[in-house]
2 protein chains.
Amino acid sequence: MTSESRSRLITATRELLAERGYTGTSPQLIQERAGVGQGSMYHHFAGKPGLAAAALAESGDALLAAAAGSFDGPGSVFDRVAHYLRRERPVLHGCPVGRMTEDPEVMASDALRAPVELALQRLQARISELLVEGQRSGEFSARIAPARLAATIAATVQGGYVLSKASRDVQPFTDAVEGMIELLQSQLAPADPTLSERA
Amino acid sequence: MTSESRSRLITATRELLAERGYTGTSPQLIQERAGVGQGSMYHHFAGKPGLAAAALAESGDALLAAAAGSFDGPGSVFDRVAHYLRRERPVLHGCPVGRMTEDPEVMASDALRAPVELALQRLQARISELLVEGQRSGEFSARIAPARLAATIAATVQGGYVLSKASRDVQPFTDAVEGMIELLQSQLAPADPTLSERA
DNA sequence: GTCTATAAGATGATAGAC
DNA sequence: GTCTATCATCTTATAGAC
């Protein structure tokens with residue numbers, strides 16, 4: 001198989017970036033975990049930055065695919081957002097995508113920052129879409145601002161990771177998302193009898 | 001002055017840790033910014049870890065002091081929390097304390113993680129206290145869970161940093177905190193006429 | 001396509017002069 | 001207390017054999 005090594009390198013890099021960040025991940029570490037030599041890595045990719053950019057693009061896609069598992073699932077908009085917030089996550093490892101924003105080398109390179117930006121923007125856009133859908137159906141209050149609330153929801157998850165990693169305890173993450181779910185619940189529009197008549 | 005160099009080293013380290021993280025900050029960089037030689041650094045501190053631990057303790061204290069400027073200020077509990085959320089911040093630089101959670105070397109060392117954990121826990125505890133005060137006074141709904149909501153509020157700020165850094169734009173941070181303020185507003189207890197009678 | 005050998009530079013730390 | 005060597009190690013990358 002011509003791309004066996006290539007695929008192993010990407011997988012190893014995705015893992016290491018998630019565990020150690022970009023600056024903390026050396027080509028040597030990647031090669032060891034992938035079980036390939038240096039030559040293989042430099043043959044398939046343009047150095048560490050090229051390999052990391054490819055790995056981050058895959059991790060960004062994976063983040064959106066995982067979120068879609070909740071967002072495109074069954075139930076009301078509230079149910080789907082709550083499902084997303086409660087989804088099982090490697091909380092103490094942090095978000096493989098979001099954590100890249102704290103790495104100065106990633107932020108200094110457009111090639112590395114682009115996949116991170118894209119994934120987080122798409123995530124917020126998808127949440128915003130859902131909230132619009134919830135407003136149109138009358139499930140959510142007309143007063144909420146979907147794009148704004150989408151940022152707050154995405155921030156709750158990203159910030160939950162930060163708080164939990166700091167204390168090596170999933171509790172802050174759980175508290176943060178459960179607190180957000182309670183706040184969202186209070187944004188549900190009161191039952192409107194005219195809705196069922198119109199339906 | 002015997003500790004002129006020491007103090008310059010701490011300041012330089014605080015800046016560099018905030019800008020580049022721990023792994024991305026070399027002793028050489030610190031010495032250059034502080035304008036001192038290597039010998040001075042190793043005389044005053046137990047290497048890079050010792051210096052960083054001292055710097056992080058100061059940054060943690062500074063975070064709490066800055067928050068206290070809002071929390072201990074005038075106005076209702078809601079006003080004070082909103083003031084905290086809207087406070088001017090170096091959004092695109094990230095939180096000098098929170099960002100340390102993404103550095104594997106910091107997380108692997110109890111000495112380095114401790115000041116980060118302490119500061120973020122104290123922050124959440126202080127927000128929780130405020131919310132309890134708000135419930136006692138009847139300002140906030142009795143239904144909210146203060147510790148949980150405190151985690152959600154702290155996470156909104158930390159996550160807002162992440163989203164904004166990813167897109168090099170303060171908008172996501174602003175959206176996240178304004179969205180949170182709107183959510184908090186809906187947790188205010190409806191005006192209770194019995195309150196003014198009791199007062 | 002993959003390997004090993006090698007290199008130029010950075011990293012974190014120590015030694016010892018002043 | 002502060003400085004300038006100096007050091008062993010690691011980092012990213014290239015060269016060239018297979």
Side-chain angles (χ1 to χ4, degrees), chain A residues 1-56 99-100 102-113, chain B residues 1-56 100 102-113 115:
Chain A
M1 208 171 298
T2 106
S3 54
E4 167 88 24
S5 286
R6 187 191 157 87
S7 141
R8 292 173 63 81
L9 281 163
I10 294 253
T11 301
T13 303
R14 286 185 58 188
E15 290 173 6
L16 285 164
L17 289 179
E19 292 168 19
R20 311 179 44 84
Y22 179 83
T23 302
T25 297
S26 69
Q28 195 178 33
L29 267 173
I30 295 171
Q31 291 147 25
E32 279 166 14
R33 184 166 303 196
V36 304
Q38 297 212 18
S40 190
M41 174 180 143
Y42 286 100
H43 170 75
H44 287 292
F45 299 97
K48 178 181 164 179
L51 173 49
L56 286 176
R99 70 167 299 165
M100 291 303 124
E102 306 305 336
D103 196 303
E105 289 188 73
V106 172
M107 299 312 285
S109 153
D110 280 337
L112 292 173
R113 189 176 55 83
Chain B
M1 208 172 297
T2 107
S3 53
E4 167 87 25
S5 287
R6 186 191 157 89
S7 140
R8 292 173 63 82
L9 281 163
I10 294 253
T11 301
T13 303
R14 285 185 58 188
E15 290 173 6
L16 285 165
L17 288 179
E19 293 168 18
R20 310 176 47 81
Y22 179 83
T23 302
T25 297
S26 68
Q28 195 179 31
L29 267 174
I30 295 172
Q31 291 148 23
E32 279 167 12
R33 185 167 304 196
V36 304
Q38 296 212 20
S40 190
M41 172 181 144
Y42 285 100
H43 171 75
H44 288 293
F45 298 97
K48 178 180 165 181
L51 173 48
L56 287 177
M100 292 301 123
E102 309 303 337
D103 196 303
E105 290 187 74
V106 171
M107 299 313 285
S109 153
D110 281 338
L112 292 173
R113 190 176 54 83

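Throughout, a chain's letter reflects where its sequence line sits, starting with A, and its residues are numbered from 1. Note that the structure is predicted; figures quoted are calculated from it, not measured.
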Can you find a pair of side-chain heavy atoms, one from Lys48(B) and one from Leu51(B), that are under 4.5 Å apart?
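They are not in side-chain contact.
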
Name the closest nucleotide to the [X] side chain, picking from [options].
X: His44(A); options: dA13(C), dG1(C), dT4(C); value: dG1(C)
X: Ser5(A); options: dA5(C), dT2(C), dT4(D); value: dT2(C)
X: Val36(A); options: dC3(C), dT14(D), dT14(C); value: dC3(C)

Starting at atom [atom1] of [X], determine the distance to atom [atom2] of [N], rounded to an integer number of angstrom.
X: Gln31(B); N: dA13(C); atom1: CD; atom2: P; result: 10 Å
X: Arg6(A); N: dG1(C); atom1: CZ; atom2: P; result: 11 Å
X: His43(B); N: dT4(D); atom1: NE2; atom2: C1'; result: 17 Å
X: Arg8(A); N: dT2(C); atom1: CZ; atom2: C1'; result: 13 Å
X: Tyr42(B); N: dT6(D); atom1: OH; atom2: P; result: 18 Å
X: Phe45(A); N: dT2(C); atom1: CZ; atom2: P; result: 11 Å
X: Gln38(B); N: dC18(C); atom1: CD; atom2: P; result: 19 Å
X: Arg20(B); N: dA10(C); atom1: CZ; atom2: C1'; result: 12 Å

Side-chain N or O of Ser26(A) closer than 4.0 Å to phosphate OP1/OP2 of dT11(D)
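Checking dT11(D) against Ser26(A), a side-chain N or O does come within under 4.0 Å of OP1 or OP2.
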
Any Ser40(A) side-chain nitrogen or oxygen under 4.0 Å from OP1 or OP2 of dG1(C):
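No, because none of the side-chain N or O atoms of Ser40(A) sits under 4.0 Å from OP1 or OP2 of dG1(C).
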
As an exercise, state the distance from CD of Gln31(B) to OG1 of Thr13(B), rounded to the nearest 0.5 Å.
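Result: 9.5 Å between the selected atoms.
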
For Gly47(A), answer base if it contacts any base atom (sugar-phosphate contacts may also be present), sugar-phosphate if it contacts only those atoms, and nothing otherwise; contact means non-hydrogen atoms under 4.0 Å.
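Answer is sugar-phosphate: Gly47(A) comes under 4.0 Å of backbone atoms only.
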
What does Gln28(B) touch in the nucleic acid at a heavy-atom separation under 4.0 angstrom: a base, only the sugar-phosphate, or nothing?
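The residue Gln28(B) makes sugar-phosphate contact but no base contact.
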
Gly24(A) or Met41(B), whichever maps to the more 5' nucleotide of DNA chain D
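Closest to the 5' end, via its nearest nucleotide, is Met41(B).
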
Test your reading of the model: is there a side-chain donor-acceptor pair from [X] to the backbone of [Y], 3.5 Å cut-off?
X: Asp103(B); Y: Tyr22(B); answer: yes
X: Arg8(B); Y: Ala34(B); answer: yes
X: Thr25(A); Y: Leu16(A); answer: yes

